[in-house]
K.L.:
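Here it is, the structure, as structure tokens.
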Amino acid sequence: MSKKEQILVTSALPYANGPLHIGHLAGAYLPADIFTRYHRLKGSDIVFICGSDEHGVAITIRAEQDGVRPQEIIDRYHELNKGSFERFGMSFDNYSRTSLPIHHETGRDFFLDIYNKGILKKKQEKQFYDEQAGMFLPDRYVEGTCPKCNEEGARGDQCEKCGSDLNQTDLINPISKVSGKRPVLRETSHWYFPLGDFQDKLKNYLDQRPWWKENVRNYCYGWIKQGLQDRAVTRDLNWGIKVPVDGADGKVIYVWFEAVLGYISSTREWAQKIGQPQRWKDYWQNENCKLIHFIGKDNIVFHAVMFPIFLMAKAGYTLPQDVPANEFLNLEGRKISTSRNYAIWLEDYLAHFPPDPLRYCLAAIAPETKDADFSWKDFQTRNNSELVGILGNFVNRSLTFAHKYFDGQVPAQGRLDGLDKKMLQLLAKAPERIGACIEKYTVRQALREVMDVAREANKYFNDKEPWRSVKNNKQECGTTINICVQVSRALAIFMAPFLPHSAVKLWHLLNQDGDIHKQQWASAGTVFVADGHPLNPPEILFSKIEDDVITAEIDKLKSNSSSESETKKTIAVPAATDKISFADFQKVDLRVATILQAEKVAKTDKLLQLQVQIGDEKRQIIAGMAEHTAPEDLPGKTVVVVANLKPAKIRGLESQGMLLAAESEDGKLSLLTVEKEIESGAKIR
RNA sequence: GGCGGUGUAGCUCAGUUGGCUAGAGCAGUGGAAUCAUAAUCCACGAGUCCGGGGUUCAAGUCCCUGCACCGCUACCA
């Protein structure tokens with residue numbers, strides 16, 4: 001029996017705490033969309049799933065920063081990102097969200113299932129519980145008197161005064177920071193997933209998938225070689241999927257465990273929407289279904305190590321057939337940085353350009369084997385010389401010719417000469433060639449193959465010189481134009497996965513029936529358009545982009561990223577509840593100091609070992625700043641240090657204080673110093 | 001520091017299990033043509049295949065080593 005190929009494609013769930021930029025598109029979404037659109041044309045039974053990842057501490061932090069509830073954050077970015085995707089033509093069958101009940105249900109089911117199987121390890125400990133607030137208190141949410149130095153206000157993890165490391169249960173007179181009441185001790189537990197127990201199974205699973213990209217496979221083997229550790233699957237937080245077990249109040253399932261299950265929830269939601277609620281099982285509980293995760297390289301461990309393990313633990317589920325992880329996209333030679341606003345946001349792009357040129361450019365430079373670089377100049381060149389000059393121009397010269405000399409109808413295909421046959425043969429092989437590339441996830445190569453068809457077509461047009469034959473052999477001229485129309489139709493289909501909007505437009509110019517996205521891929525290789533078929537009047541398929549537009553974008557990028565670093569102080573102003581008393585401030589003893597010596601700590605990237613003079617005292621300070629400051633620049637500098645910080649051992653070296661420095665969003669450091677010369681040891685207040 | 005990846009013409013990249021004078025596209029130079037959004041077509045590339053060792057009759061392709069860049073991870077009081 002020849003059943004259709006069954007495929008489930010997912011793209012990484014974008015985190016709903018910020019907008020999307022071109023890097024997102026290039027790595028996980030565009031390649032998946034091209035792959036999916038191609039398979040639909042090919043007739044595969046394929047479903048494309050995505051959605052917003054809406055849990056986790058980054059969302060609650062973002063909400064606190066903005067002074068709103070987490071729900072507002074996720075609503076805002078879910079809608080925004082969903083809209084951006086739509087406008088770029090991401091053809092998800094469903095775009096869900098992990099905050100929906102259906103996902104909470106999936107998360108609970110999975111958790112309970114492996115919990116009931118006894119897979120999870122419970123690590124029990126006594127922890128304070130706030131009866132009024134109805135929650136367990138993490139270490140720092142408890143304060144009390146330090147048992148060692150009798151100082152009040154010691155935190156549950158350590159005493160600021162004497163520097164002792166504490167357990168919260170050591171505190172005398174503990175107080176909950178949430179309600180101000182005395183908490184009670186209760187037995188609590190967190191659950192850990194013993195990934196190591198599945199190590200051999202995972203290795204076996206990887207061994208059976210030799211077709212994976214080498215970097216992904218090796219990366220996984222690397223993890224296995226190091227030994228997989230137990231990993232907590234619960235945490236104390238109010239935002240997320242509640243742990244469905246008695247005695248787990250105030251605990252949620254850790255996002256890293258639950259987010260990937262969003263693929264399943266989203267598929268279930270899709271099945272409900274199409275009125276076949278059980279249909280999701282055809283994909284998720286079917287060993288013949290190919291489950292494919294498109295992600296960026298930062299996500300490999302979750303999709304290629306942990307998720308397969310969950311599915312093995314749950315049993316009866318389809319395991320990922322492939323994880324074609326892509327590398328990263330840089331921008332004008334630098335890393336994209338959301339915090340510094342160094343990015344091209346999808347919405348900004350769409351305000352100035354149509355979606356297809358970006359899809360084209362990103363597909364052409366897709367970071368398949370290594371990090372790629374997007375530059376506006378390259379974008380312009382690709383648009384102007386490839387989309388406009390080669391592809392658009394071929395279609396345009398063919399169709400205008402048909403209108404000018406053949407009344408807008410497809411001329412009859414007469415006798416074929418060598419050039420005609422060569423062109424048609426090339427066309428016949430193209431669907432297979434292009435398709436093979438897409439199936440191997442080499443989108444770049446696939447697009448090149450498409451463009452090669454257009455290049456050959458231009459050459460064919462030139463060689464046939466229809467502008468000459470129209471005068472002395474109109475029949476031969478007609479054959480040429482007929483073939484050019486056939487090629488144009490094929491190009492429309494070839495374009496469809498990559499340039500869906502332009503493909504529709506071309507389909508209309510050719511006056512073809514039906515939805516181009518429902519055509520047969522293989523039909524592109526055949527002669528399809530009948531003699532005498534009427535064509536619509538030609539229109540420009542792609543427009544040129546002028547220099548000044550590109551220059552403006554480059555300038556905008558520069559000014560955005562630089563001005564943002566000046567205005568970023570608006571970002572992290574603490575909420576009123578976090579403010580400290582003057583007494584608290586006075587506890588910190590800040591002093592002027594002079595650096596005497598500085599050298600790198602061996603075998604570390606960031607650590608510097610500093611000797612400083614504070615008044616008449618010499619101290620050693622270990623500072624994590626080696627990446628931004630050369631040690632030889634430091635001796636003699638006047639700096640500000642925290643003099644009464646408890647000493648700590650870092651990499652076996654004692655650090656007796658802390659150097660103050662301002663840190664920018666991108667991690668650049670600037671040391672604090674004093675305006676005028678002043679004696680070492682001077683107090684700062 | 002540990003693990004993984006990448007380093008090939010000005011730019012973006014191909015180079016299969018090692019094998020003829022290392023290949024494309026774009027940009028550049030020269031020419032042809034004029035149907036087309038001055039778009040197209042043809043011709044032209046003496047590149048230390050990151051450096052240094054090694055294996056082999058033969059290495060961009062395998063092994064060792066060094067360097068640079070990227071990601072994960074540890075240290076950042």
Side-chain angles (χ1 to χ4, degrees), chain A residues 158 160 163 213-226 296-302 325 327-328 330 335 361 364-375 377-378 381-382 384-405 442 444-445 447-448 451-452 454-455 457-470 477 480-481 484 538-544 601-608 621-628 641-642 645-661 663 667 669:
Chain A
Q158 62 173 224
E160 299 278 358
K213 282 171 83 165
E214 206 157 313
N215 59 337
V216 179
R217 274 162 52 81
N218 287 340
Y219 184 88
C220 296
Y221 283 130
W223 271 77
I224 290 175
K225 206 160 52 185
Q226 286 174 58
K297 62 176 161 180
D298 51 335
N299 249 326
I300 293 175
V301 68
F302 295 108
E327 309 281 314
F328 285 165
N330 291 326
K335 264 192 256 190
C361 186
I365 63 170
E368 284 160 3
T369 49
K370 60 181 174 188
D371 291 357
D373 188 44
F374 178 93
S375 81
K377 195 73 198 132
D378 177 64
T381 305
R382 290 205 126 89
N384 291 357
S385 58
E386 298 182 29
L387 277 183
V388 175
I390 296 170
L391 184 55
N393 181 232
F394 169 73
V395 170
N396 191 241
R397 69 200 297 204
S398 301
L399 297 187
T400 49
F401 207 99
H403 269 85
K404 219 159 154 182
Y405 299 105
T442 53
R444 270 192 323 223
Q445 179 64 25
L447 190 56
R448 215 171 298 146
M451 291 308 289
D452 280 346
R455 279 185 196 100
N458 271 317
K459 181 170 156 54
Y460 167 77
F461 199 106
N462 265 49
D463 292 347
K464 290 293 289 185
E465 300 183 312
W467 57 89
R468 200 172 298 231
S469 61
V470 74
C477 175
T480 303
I481 298 306
C484 286
E539 280 174 41
I540 297 296
L541 213 47
F542 303 101
S543 304
K544 281 194 111 177
V601 179
K603 297 188 176 183
T604 66
D605 290 341
K606 301 190 185 174
L607 300 186
L608 287 183
I621 292 179
I622 308 299
M625 50 189 292
E627 286 181 327
H628 301 288
V641 300
V642 180
L645 199 62
K646 70 153 187 167
K649 285 223 165 171
I650 297 163
R651 283 273 155 167
L653 299 167
E654 181 153 284
S655 182
Q656 307 153 320
M658 175 176 172
L659 214 59
L660 294 187
E663 184 179 10
L669 294 181

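Labels below follow one simple rule: chain letters A, B, ... track the order of the sequence lines, proteins then strands, and each chain is numbered from 1. Heavy-atom basis, side chains included; hydrogens, waters and symmetry copies ignored.
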K.L.:
Output yes when A/Lys459 and A/Asp463 qualify as a salt bridge under the 4.0 Å nitrogen-oxygen rule, no when they do not.
P.N.:
yes
K.L.:
Rounded off to whole Å, could you give me the CD1-to-C1' distance for the A/Ile621 and B/rC76 pair?
P.N.:
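From A/Ile621 CD1 to B/rC76 C1': 14 Å.
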K.L.:
Applying a 3.5 Å limit to both distances, which nucleotide forms a Watson-Crick or G-U wobble pair with B/rC41?
P.N.:
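Base partner found: B/rG31.
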K.L.:
Would you name the heavy atoms of A/Gly389 and A/Asn458 that are closest together and state the gap between them?
P.N.:
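It is O-ND2, 4.3 Å.
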K.L.:
Considering only atom C1', compute the distance from B/rU8 to B/rG60 and round it to an integer number of Å.
P.N.:
7 Å
K.L.:
Calculate the interatomic distance between A/Met451 atom CE and B/rG25 atom P; express it in whole Å.
P.N.:
12 Å
K.L.:
Under 4.0 Å between a side-chain N or O of A/Lys377 and OP1 or OP2 of B/rC26?
P.N.:
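It does not, given that no N or O in the side chain of A/Lys377 lies less than 4.0 Å from OP1 or OP2 of B/rC26.
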K.L.:
Give the minimum heavy-atom separation between A/Asn384 and A/Ser543, together with the two atoms involved.
P.N.:
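Taking A/Asn384 first and A/Ser543 second, the nearest heavy atoms are OD1-O, 4.5 Å.
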K.L.:
Rounded to whole Å, how long is the line connecting atom CG of A/Leu391 with atom P of B/rC26?
P.N.:
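The answer, rounded to whole Å, is 14 Å.
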K.L.:
State the pairing partner of B/rU17; accept Watson-Crick or G-U wobble contacts with both distances under 3.5 Å, and report none otherwise.
P.N.:
none
K.L.:
Examine B/rG5: is either OP1 or OP2 under 4.0 Å from a nitrogen or oxygen in the side chain of A/Asn218? Give yes or no.
P.N.:
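Yes, such a contact exists.
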K.L.:
Would you say A/Phe401 stacks on B/rC35, if stacking means ring centres under 5.5 Å apart and planes within less than 30 degrees?
P.N.:
no
K.L.:
Taking pairing as Watson-Crick or G-U wobble with both contacts under 3.5 Å, can you name the mate of B/rA36, or confirm there isn't one?
P.N.:
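By the stated definition (distances under 3.5 Å), nothing pairs with B/rA36.
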K.L.:
Donor-acceptor pair, A/Asn330 side chain versus A/Asp371 backbone, under 3.5 Å?
P.N.:
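Looks like no, no N/O pair under 3.5 Å.
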K.L.:
If I pick the C1' atom on B/rG2 and the same atom on B/rA58, what distance separates them, to the nearest angstrom?
P.N.:
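Going atom to atom, C1' in each nucleotide, I get 37 Å.
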K.L.:
Between C1' on B/rG71 and CG on A/Asn330, what's the gap in Å once rounded to a whole number?
P.N.:
11 Å
K.L.:
For every nucleotide of nucleotides 38-45 of chain B, 5' to 3': is a protein heavy atom under 4.0 Å from its base (B), only from its sugar-phosphate (S), or from neither (-)?
P.N.:
-SBSS---
K.L.:
With a distance cut-off below 6.0 Å to the six-membered ring centre and an angular limit of 45° from the axis, does A/Lys335 pair with A/Phe328 as a cation-pi contact?
P.N.:
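No, a cation-pi geometry is absent between A/Lys335 and A/Phe328.
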K.L.:
Closest heavy-atom contact between A/Ile621 and A/Val641?
P.N.:
CD1-CG1, 3.9 Å
K.L.:
Go ahead and name the base partner of B/rG47; Watson-Crick or wobble counts if both distances stay under 3.5 Å, otherwise write none.
P.N.:
none
K.L.:
In whole angstrom, give me the gap between the C1' atoms of B/rG10 and B/rG19.
P.N.:
31 Å
K.L.:
Contact class for A/Tyr221 (heavy atom, under 4.0 Å): base, sugar-phosphate, or nothing?
P.N.:
nothing
K.L.:
Rounded to the nearest Å, what distance is computed from the CD atom of residue A/Glu386 to the P atom of nucleotide B/rA24?
P.N.:
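In whole Å, B/rA24 P lies 16 Å from A/Glu386 CD.
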K.L.:
Quick check against the 3.5 Å criterion: does A/Lys370 have a side-chain atom that pairs as donor or acceptor with the backbone of A/Glu327?
P.N.:
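Here the side-chain-to-backbone pair does not exist.
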K.L.:
Would you call A/Pro466 and A/Ile481 a side-chain contact if the rule is heavy atoms closer than 4.5 Å?
P.N.:
yes
K.L.:
What pairs meet the salt bridge (Lys or Arg N to Asp or Glu O under 4.0 Å) rule with one or both residues in residues 385-404 of chain A, with sequence neighbours excluded?
P.N.:
A/Arg382-A/Glu386
K.L.:
Contact class for A/Ile622 vs. all strands (heavy atom < 4.0 Å): base, sugar-phosphate, or nothing?
P.N.:
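A/Ile622: backbone/sugar contact only, no base atoms under 4.0 Å.
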K.L.:
Do you know the tightest heavy-atom contact between A/Asn396 and A/Glu539?
P.N.:
ND2-O, 4.1 Å
K.L.:
Strictly under 3.5 Å: I want the nitrogen or oxygen pairs between protein and nucleotides 29-31 of chain B, one per line.
P.N.:
none

K.L.:
Check nucleotides 14-16 of chain B against the protein and report each pair of N or O atoms closer than 3.5 Å, with its distance, or say if there are none.
P.N.:
{"residue": "B/rA14", "atom": "OP1", "partner": "A/Thr369", "partner atom": "OG1", "Å": "2.8"}
{"residue": "B/rA14", "atom": "OP1", "partner": "A/Arg444", "partner atom": "NH2", "Å": "2.6"}

K.L.:
Find the distance A/Glu327:CD to B/rC13:C1' and express it as a whole number of Å.
P.N.:
14 Å
K.L.:
By side-chain contact (heavy atoms from CB on, under 4.5 Å), which residues pair with A/Thr442, not counting sequence neighbours?
P.N.:
A/Glu368, A/Cys437, A/Lys440, A/Gln445
K.L.:
In whole angstrom, give me the gap between the C1' atoms of B/rG15 and B/rC57.
P.N.:
23 Å
K.L.:
What interatomic distance, in whole Å, is found between P of B/rC20 and the corresponding atom of B/rA36?
P.N.:
47 Å
K.L.:
Whole-Å distance between B/rA24 P and A/Asp452 CG?
P.N.:
12 Å
K.L.:
Give me the distance, rounded to whole Å, that separates B/rG47 from B/rC41 when you measure between the C1' atoms they each carry.
P.N.:
27 Å
K.L.:
Identify, between A/Phe461 and A/Asp373, the residue whose nearest nucleotide on RNA chain B lies closer to the 5' end.
P.N.:
A/Asp373
K.L.:
Rounded to whole angstroms, how far apart are CH2 on A/Trp467 and P on B/rA32?
P.N.:
15 Å
K.L.:
By ring-ring contact (aromatic ring centres under 6.0 Å, His included), which residues pair with A/Tyr405, not counting sequence neighbours?
P.N.:
A/Phe401
K.L.:
I need the A/Phe374 CZ to A/Ile365 CD1 distance, nearest 0.5 Å.
P.N.:
6.5 Å
